[in-house]
Amino acid sequence: MQPATAKWYDRREAVFIEFCIEDSKDVQVKFNKTKLDFSCVGGTDNMKHHNEVELFESIDPNDSKHKRTDRSVFCCLRKAESGKSWPRLTKEKAKLNWLSVDFNNWKDWEDDSDEELSSFDRFSEMMNNMGGEDDLPDVDGADDEESVDSDDEKMPDLE
């Protein structure tokens with residue numbers, strides 16, 4: 001038995017863990033107040049996987065959930081104390097070779113006053129604040145037609 005590869009990220013109300021196991025079967029996820037216990041059979045070789053995590057802080061086991069897909073098992077661990085940032089998933093500071101931060105979903109939400117805005121709204125707002133072509137500064141020599149680019153020079157005939 002070996003641990004499943006996993007990625008995690010932190011949010012204001014919950015912590016999310018994705019166990020990256022394709023074609024998982026016999027999935028068992030047990031949520032305890034301070035511990036997560038995950039096991040399944042999966043992958044192309046039908047290997048048994050087991051992960052046991054002593055959590056950084058307490059969770060609400062009754063409000064925590066998991067969902068199996070063909071590519072992974074996604075777990076939502078509802079924090080017992082929402083609004084408190086988790087700098088790591090585990091109680092101990094030890095580096096686990098099967099666990100990494102999901103940087104695609106990570107964000108520093110403690111400083112984020114715009115959390116209610118969706119990503120699309122923030123993107124639209126950013127684009128509107130950038131302005132159009134009229135706001136571009138003049139660059140000396142950019143429109144001078146007399147200047148010759150090195151690739152516009154005529155090459156001598158080599159006959």
Side-chain angles (χ1 to χ4, degrees), residues 1-139 142:
M1 216 179 315
Q2 72 178 39
T5 303
K7 302 182 292 189
W8 81 282
Y9 62 97
D10 181 35
R11 285 291 194 273
R12 188 177 307 277
E13 305 287 327
V15 173
F16 297 90
I17 308 170
E18 182 178 15
F19 292 98
C20 306
I21 298 291
E22 292 186 20
D23 302 322
S24 58
K25 297 184 276 280
D26 304 329
V27 174
Q28 291 188 339
V29 181
K30 294 179 187 140
F31 300 106
N32 296 312
K33 193 165 179 60
T34 58
K35 187 167 82 171
L36 168 70
D37 194 71
F38 170 82
S39 64
C40 75
V41 175
T44 53
D45 50 3
N46 280 322
M47 181 167 291
K48 288 184 179 179
H49 298 277
H50 180 250
N51 300 64
E52 188 175 76
V53 183
E54 291 287 335
L55 299 169
F56 179 75
E57 289 282 343
S58 297
I59 61 168
D60 179 352
N62 299 323
D63 203 17
S64 297
K65 301 172 176 46
H66 76 279
K67 178 177 174 49
R68 184 205 164 277
T69 68
D70 288 342
R71 300 188 60 79
S72 64
V73 178
F74 192 73
C75 300
C76 172
L77 285 60
R78 183 69 59 186
K79 292 179 178 178
E81 190 178 335
S82 70
K84 189 171 184 182
S85 174
W86 288 25
R88 62 185 179 275
L89 179 66
T90 58
K91 185 178 192 88
E92 301 297 319
K93 265 191 169 175
K95 170 79 174 121
L96 303 172
N97 60 1
W98 55 266
L99 182 65
S100 63
V101 173
D102 186 348
F103 286 107
N104 291 332
N105 288 305
W106 188 271
K107 71 180 210 174
D108 292 327
W109 53 263
E110 305 102 333
D111 305 327
D112 190 8
S113 59
D114 296 333
E115 187 169 24
E116 286 70 38
L117 286 177
S118 70
S119 297
F120 180 77
D121 291 336
R122 281 198 294 273
F123 178 76
S124 298
E125 188 176 274
M126 179 187 72
M127 293 304 287
N128 289 338
N129 291 337
M130 287 179 71
E133 286 184 11
D134 298 338
D135 297 336
L136 293 176
D138 289 334
V139 178

Less than 4.5 Å apart, any side-chain heavy atom of [X] and any of [Y]?
| X | Y | result |
| --- | --- | --- |
| Leu55 | Trp86 | yes |
| Lys91 | Val53 | no |
| Lys7 | Cys20 | yes |
| Glu57 | Lys79 | no |
| Cys40 | Phe19 | no |

Pairing of Arg78 and Asp60 as salt bridge, 4.0 angstrom limit: no
Candidate pair Leu36 and Ile17, rule side chain to side chain contact (heavy atoms under 4.5 Å, CB included), full reasoning: CA-CA 10 Å; Leu36 168 70; Ile17 308 170; 3.4 Å; yes
Ring centroid separation Trp8 to Trp106 under 6.0 Å: yes
Using distance only, find each side-chain donor-acceptor pair of residues 69-77 under 3.5 Å and give its atom names and separation, not counting sequence neighbours.
unit_1, atom_1, unit_2, atom_2, d
Thr69, OG1, Arg71, N, 3.3
Thr69, OG1, Ser72, N, 3.0
Thr69, OG1, Ser72, O, 3.1
Ser72, OG, Glu18, OE2, 2.7

Donor + acceptor pair across side chains of Lys25, Asn46 (<3.5 Å): yes
Minimum heavy-atom distance between Pro87 and Ser85, given as atom pair plus value: CD-O, 3.6 Å
Does [Y] offer a backbone N or O that forms a donor-acceptor pair with the side chain of [X] under 3.5 Å?
| X | Y | value |
| --- | --- | --- |
| Asn51 | Pro3 | no |
| Arg11 | Glu13 | no |
| Asn32 | Thr34 | no |
| Ser82 | Arg12 | no |

Intermediate values then yes/no, side chain to side chain contact (heavy atoms under 4.5 Å, CB included), Arg88 and Lys93: CA-CA 8 Å; Arg88 62 185 179 275; Lys93 265 191 169 175; 3.6 Å; yes
For Phe31, all residues meeting ring-ring contact (aromatic ring centres under 6.0 Å, His included), sequence neighbours excluded: none
With sequence neighbours excluded, residues passing side chain to side chain donor-acceptor pair (under 3.5 Å) with Arg68: Ser24
Step-by-step side chain to side chain contact (heavy atoms under 4.5 Å, CB included) determination, His66 to Val27: CA-CA 10 Å; His66 76 279; Val27 174; 4.2 Å; yes
Check against side chain to side chain contact (heavy atoms under 4.5 Å, CB included), His49 and Met1: CA-CA 5 Å; His49 298 277; Met1 216 179 315; 5.8 Å; no
Inter-residue atom distance Asn62.CG - Lys33.NZ, 0.5 Å rounding: 9.5 Å
Separation of Leu89 CG from Leu96 CG (nearest 0.5 Å): 8.5 Å
